[in-house]
Amino acid sequence: MELADIAIKFGLIIVIFLISLVIAMYSTYAERKIAAFFQDRVGPNRAGPFGILQPMADGAKMFLKEEIIPANATGFLFIVGPSLAIMTACIGSAVIPWGQSVTIGDRVIPLQVTDINVGILYIFGVVSLGVYGVMIGGWASNNKYSLLGAIRAASQNISYEISMGLSIIALLMVTGTLSLGEIAQQQHGWHWNVLYQPLGFLLFIVCAFAETNRTPFDLPECETELVGGYHTEYSSMKLGFYLFAEYINMFISSAVMATLYWGGYNYPGMDFMGNLLGPVWGPLFGTFVLFMKIFAFIFFFMWVRWTIPRFRYDQLMDLGWKVLIPLAIANIVLTGIVITLLK
Amino acid sequence: MTVSILLFLPILAALLVLLFKNETAKHAALFFAVAELGIALYFLSGFVPDASFQYVIDLPWIQDFGIYFNAGIDGISMVMVLLTTILVPLIILSTYQHTYKNARAFYALILFMQAGLLTVFTALDGFLFYVGWEAALIPIYFICALWGGQNRIRVTIKFFIYTFAGSLFMLVGIIYLYLQTPGKLYDLHEFYNAGLDAAHQSWVFWAFFLAFAIKMPLFPFHTWQPDTYTEAPAAGTMLLSGIMLKMGIYGVIRWLIPNAPLGFLQWQNLAIILSTIGIIYASLIAFNQKDGKRLVAYSSIAHVGLISAGIFAWSVQGVQGAMIQMLSHGINVVGMFFIWDIISRRLNTREISQLGGIAKVAPNFSIAFLIIVLGTVALPLTNGFVGEFLLLKGVFSYNIWFAAVAGLTIIFGAVYMLRMYKNVMQGETNQLTAIFADITASEKLVLGIICVLIIGIGVYPQAILHISEASVVKLVRSVNQNFANSKF
Amino acid sequence: MTTLIIISVLPIVLLYLGLYKAQKALLPVTLIGLLAALVTAVMQWNSNAQPIYHGMMLFNNFSVAFSVVSIISTMLILLLSKGYFEKISKHVAEYYAIILFSLAGIIVMVSYHNLTMLFIGIEIMSVSLYILAGIRKNDFASNEAALKYFLMGAFSTGFLLFGITLIYGSAGSFDLDAIRDFVVTYPRNIDPIFYIGVLLIIVGLCFKVGAAPFHFWTPDVYEGAPSLITAFMSTVVKTAGFAAFLRLFSACFITIADFWTPVLLAVTVLTLFIGNITALYQQNFKRMLAFSSISHAGYLLFAIVALGAASANSVFVYATAYSIASIIAFGALILVRQQTGSDNFEGFNGLAKSNPFLAFVITISMLSLAGIPLTAGFIGKFYMFSGALSQYKVWLVIIAVVNAIISIFYYFRVIIAMYFRDEERAVVIVPAYYKFVLGFSALATIIIGIYPSFISGLI
Amino acid sequence: MGSLTNTIQAVPLNHYILLSTIIFSIGVMGVLLRRNAIVIFMSVELMLNSVNLLLTAFSVYRGDASGQVFVFFIMALAAAEVAVGLAIIVMIYRNTNSIDINVLNRLKW
Amino acid sequence: MELQSLPVNYLPIIFQMLVALGFVITTMFVTHKIGPKRVTGDKLTPFESGIEVIGNARTPMSIKYFLVAILFVLFDVEVIFMYPWAVNFRDLGKDGMIEMFIFIGTLLLGFIYIIKKGALDWD
């Protein structure tokens, strides 16, 4: 790889990194605003116009707060926990194709950090690692609420991971590849996978909610039972990391869902638009479309949060094991039969 | 009519005896044993005293290893078969005065053992020989351990381990020989033709020798014997001394020397020396025995030492002497143990020093005892004489000094036997012996038959010698031929 | 293949029977299923089998014979299980199912034709056994047995796998034929890593069959596990282990025997001595059987040390003899333990008076284990000795003979206790199932002892 | 698979063997030296994973996929072992409140 | 046409990890430096809704969680087998599909079994 390539990659990485941070920050703002909207309140409105600077203020506060490590906690793991959580959240974006390649001069710049042939497995691996952050943090706190929260988180994540994996398998049968870049290309125009895999998408989105510990599956941090769940003992930036990780995860899973099922950067009439806007702005418009889809998903996440009440733990597990897994398997069988018949 | 009927009848009989009640089992056992004797006599009547094997059965058994169910009778075997079939009914009859608990098992085991013994004496297949060898061991182990005396558990396990150890080495030898046979067969004659060189034969010799020496028993492998004889029930002792130790002697004649003639040649001296040491050693110890049964046990070692010395000298006279002496010794020793069984059953002691003057109260008993003693000390016109004479002649032709030392055994034997007789039977009666009752009818029968046999064989030994002569001559010649060939 | 399918489906059926509370049907269904498997296995006989499923499995006479003996032994053991598991826990169906899963693994082990299947077979069997060793959940010994077995088993799997990997690395295939071709074609330039692989496989398999110096888990596991499971482990599992061992070595490594024979020789001698001498000092019958099973592993190794055309046959006969004799011993142990509550030799005192039949079959079993003629055990030892002698391994046989003599001491201890030690005791109740199994096994022991052509010469 | 093979083959096979052997030995040492059942268990898993690594390397060098398929089997069976092993360890823990294998000496070695 | 991945394709992932790690360490370090530190004993006790802390938090927990974990391990690994199959689904054709359906069927049998057995009931 040439030096220029490396520089471009680094640039892309940093841009994506910053974008995810910003989106995560403003997701907190959006969450509050949306919550306020649903509850017929105003929401944050002091810092800046419409409270637009509120995330900045929150961030600054995180930096300035006192850092508490409880006496009984396992110091090293107590720090590792949140760090791991945010790290895994941040590296997931590496394989997501943000758009078609941009051609500047004779240099083709792919809008994807790297297109590896096991992209989906990579995402899964990273997501699975995420639970370690929660688990380690909760265990290191040496607090009963934290431990319970952590165990719940672990148990819930792994439960839904099975159905997530199974729902993806049906998709793979359709696409025949594990590379996200290729999957995105296949959905050129309006050939979105959601049309072929509606059930699969449904399963996937439910699992995505559970994996990101979002309501209605936010048992690990359920305030009414567990105070703060796994991050009860956390303060300052370490708490910030956990909260941040949640929003980044939400962003990444939205991106993954959009890419896998909703066509990614593809949109009907993209060839026409591509010709119209040229080799630089055409792909970038696709990227814009992708982000619109992502924002829609993020909005959906929030909408659900403020609409649907939290599950009970047994309901949560029942849903995961007894409903989603059989459905996912049925989906695989159905897909298999249909594809074989149509061939 | 093949020899198989002789082998399977006792097994069948053993199973049938188990079905009887404990009280009647002995009659049934006696019946079957006599029937077996009848068959043996029938075989004898049709027996042609040449060197061939007769009444042969030869069935495939485990074919992938070249094992056949191959058995037959030649002159040597015939004598052994007679020995077994005569003694077993006698032994069963001798137990009539005892009431053993769980008697049917006892008699079944005796019959089962008889099958094993007969298998050993007639087997022409190495594997069959080994199987019979072990099959005879298990019942006698149980007989001794179940119905024996105080120390039976320790003593019998020692006995078992000794003999089993020896026989396992023999098994190794047998398998080894099998692998060397040209036709990959366990057949006896194939073994004779295995054609090993002298060094390997010497290993084979030891593998077999260990088993036989322990069984006979030859000094220094004899340590299991006196204890076992003492602890075993009377019938067990008779079986052991009368028949079982002949397995070892028979094995030497049939399996050890012809199979490994060159190996034998290397160790012949040692074997005779051991035998001779055994004679002297056992005689000396017998002198000091206070327990009558133990005395007989040691005298038995001495006699066996003479027999083995005669065989190891390997001449026609020696082996012929061994043949007849095996029969005679079997009869005598059974009689001797029966005498002691009678004494210990009546008086609850076997201490010679406590006894005396029994002749006065039990004249019939004393006559029988005297005849048996005379037979044992080899007085002319008793059965012991012929055998010992021939044996000594055999040893003499090998080496005069061995013969001289071995000859001592006759004198030694006479001394301690007659002294025993004097101490037990003559003199004044004491409190203990005054109440000694003379022998009952069944005892009379046993002792009578024994006395008749002792005198009968003594007067006309040719009857027995005739049976085995041709076979012995052939065997000795073929081995000597081997010696001769090896010189070149 | 049908055999394997039946044995794999059967446990699933059992699990569902257990779910629907059909406890009564469990044993009959198991036995009928196994019988069907047995029939299909026998029908495979002499069918001139070719490797199937891309050379993964090969159901030739070797595998049929070992499958049959495994299935029969399992059936006998399961017959002993009537009422046994109910006392331990209410999940009876699971126990049957796990035993059958283990049996399925065993069938794979005796019929593999690819190292992948060897590994899978061993693991299916072992993982089931880990569970079975620990089914007495509240019994500490059982727990400990399970953990020890598990850790040691997993550990040995590591060695086995590393060995397989190295062999794959140099031979380039997992297929037995391909490996053999590799060894035969390039005898001069076989990689050293191939040899290391062979050694590691030996280590792994010796662990599994309980050969010294990798035997140390055996006594504890055998003692701690419930007797019925121990019976299964020491008979069927051991048989299968040796079948697998033999299949691999006779198919692939026979031409480089000069390399691994010394190693196995040392293992054999060590196994014999350790098994026998430690068995001498045991006060506990079950533990004695455990050590004796180590020593029997030593005898079974003879077949591999003296690898030849007759090896398969010897292992088959020996393993069969050993299995049925052990089944008797364990069956009797279960009964005696139920009455006296202990596994010690004293528990057998005076048994001959109260239970002549039981004492008699135990005697047969002990005689067979000790290798006395006219029992199957003797025939097994005879075959082993013949095999070793035919390879001129005379010293090995002498050592084995010495060990056979040592073994008399501890086997006869039981006989002595039963017949010669008087003790007033109540009659041990022998249920009809037990009577059948014990009687059948004793009869089989004697029949094989008298007429071994019955089963020998098959393979 | 050509280019991938070339790249992997840029590292000599011996290095893979060496690395795997080292990892394997670490696992063996862990099993032999550590006293905590879980740690022993993890050491065993380490051994299995070193095997996986080596199998993959061999598989690529040989251009033969069966090695990688074997890895799948190892993973699956390792998972089964994990399941059973954890269950056993939990069972022990509930009975003794310890997972130190030194308490497991009620049955003598 | 299958996509080829070279080790070099994974390099950006390492870059990204480094960037993330850098971010985490810097942020941690900065907050550590600029945050106030007024440590008191009570502040460092675990939060237990204001009452005295009783015992250690690391006590045995419900066996159900272990069960879920073990079941996850089993099922997740079985799912792994389906990935290669799913990717090559079209090439494997009908036979491949039937074989995998048998596998799935077996898996499903086990799944139904554990559900019926109540392994997943949280009461």
Side-chain angles (χ1 to χ4, degrees), chain C residues 54 114-117 119-120 122-124 126-131 133-134 137-175 191 193 196 200 216-217 219-224 287, chain D residues 13-14 16-17 20-21 24 27-28 31-32 37 40-41 43-59 61-64 66-67 69-74 76-78 80-85 87-89 91-96 99 101 103-109:
Chain C
H54 307 284
N114 187 305
L115 292 178
T116 323
M117 293 317 283
F119 166 69
I120 291 175
I122 285 186
E123 283 301 289
I124 292 176
S126 306
V127 170
S128 313
L129 288 176
Y130 304 150
I131 305 171
K137 276 188 225 148
N138 297 318
D139 175 25
F140 189 83
S142 183
N143 288 351
E144 185 181 341
L147 184 64
K148 234 173 222 174
Y149 194 29
F150 165 69
L151 289 178
M152 284 302 117
F155 188 46
S156 65
T157 304
F159 282 100
L160 183 72
L161 279 176
F162 206 72
I164 290 176
T165 306
L166 291 180
I167 282 173
Y168 170 69
S170 49
S173 173
F174 294 112
D175 190 76
D191 241 313
I193 61 168
I196 299 171
L200 286 170
F216 40 82
W217 57 271
D220 292 349
V221 172
Y222 281 16
E223 187 185 351
R287 216 170 156 76
Chain D
L13 185 59
N14 280 345
Y16 287 103
I17 297 176
S20 297
T21 313
F24 188 80
V28 172
V31 173
L32 296 178
I40 292 179
F41 188 32
S43 303
V44 169
E45 293 295 310
L46 195 61
M47 288 163 67
L48 296 188
N49 283 329
S50 80
V51 171
N52 285 349
L53 174 63
L54 191 56
L55 267 176
T56 317
F58 278 139
S59 173
Y61 264 81
R62 294 257 160 206
D64 173 38
S66 61
V69 174
F70 202 115
V71 171
F72 266 102
F73 286 121
I74 293 180
L77 286 158
E81 265 186 4
V82 167
V84 171
I88 291 171
I89 291 173
M91 180 174 80
I92 296 261
Y93 184 77
R94 280 173 184 256
N95 281 344
T96 64
I99 47 169
I101 60 164
V103 304
L104 301 179
N105 50 14
R106 315 238 169 135
L107 298 169
K108 48 199 175 298
W109 285 96

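In terms of heavy atoms, D/Met91 sits closest to C/Ala146 at CE-CB, 4.5 Å. Of all the heavy atoms in C/Leu147 and D/Ile92, the pair that sits closest is CB-CD1, 3.9 Å. Scanning both residues, C/Tyr168 and D/Gly67, for their nearest heavy atoms gives OH-N, 3.2 Å. When every heavy atom of C/Thr116 is checked against every heavy atom of D/Phe70, the shortest pair comes out as CA-CE1, 3.5 Å. Among all heavy-atom pairs drawn from D/Val51 and C/Gly158, the shortest one is CG2-O, 4.3 Å. Taking all atoms of both residues into account, the shortest heavy-atom contact from C/Ala154 to D/Val44 is CB-CG1, 3.5 Å.
Taking CG from C/Asn114 and OG from D/Ser66, the interatomic distance works out to 7.5 Å, rounded to the nearest 0.5 Å. Taking CZ of C/Phe150 as the reference point, atom CD1 of D/Ile40 lies at 10.5 Å (rounded to 0.5 Å). Atom CD1 of C/Ile167 is separated from atom CZ of D/Phe58 by 11.0 Å, given to the nearest 0.5 angstrom. In this structure, D/Leu13 CG and C/Ile193 CD1 are separated by 6.5 Å, a value rounded to the nearest 0.5 Å. One distance of note links CG of D/Leu55 with CG of C/Leu161; it measures 7.5 Å at 0.5 Å rounding. Separating the CD1 atom in D/Ile17 from the CD1 atom in C/Ile196 is a distance of 8.5 Å, to the nearest 0.5 Å.
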Output, in order, the C-alpha distance, side-chain angles, deciding distance and verdict of side chain to side chain contact (heavy atoms under 4.5 Å, CB included) for D/Val28 and C/Phe162.
-> CA-CA 12 Å; D/Val28 172; C/Phe162 206 72; over 6 Å; no
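Annotation: maximal heavy-atom pairing with chain C below 4.5 Å, among D/Val31, D/Leu48, D/Val69, D/Ile89, occurs at D/Val31. Between chain D and the residues C/Ser126, C/Ser170, C/Gly153, the largest count of heavy-atom pairs under 4.5 Å involves C/Ser170.
In this structure, D/Ser43 and C/Phe155 have side chains that are not in contact, with every pair of non-hydrogen atoms separated by 4.5 Å or more. Side-chain contact between D/Leu54 and C/Leu166 is present, with heavy atoms from C-beta onward closer than 4.5 Å. Looking only at side-chain heavy atoms (C-beta outward), D/Phe24 and C/Thr165 stay at 4.5 Å or farther from each other.
Both the backbone and the side chain of C/Tyr130 come within contact range of chain D, judged by heavy atoms closer than 4.5 Å. Heavy-atom distances place the side chain of D/Leu32, and not its backbone, under 4.5 Å from chain C. Using a 4.5 Å cut-off between heavy atoms, C/Asn138 touches chain D through backbone and side chain atoms alike.
Using a distance-only test at 3.5 Å, with no hydrogens or angles considered, a donor-acceptor pair links the side chain of D/Asn95 to the main chain of C/Lys137.
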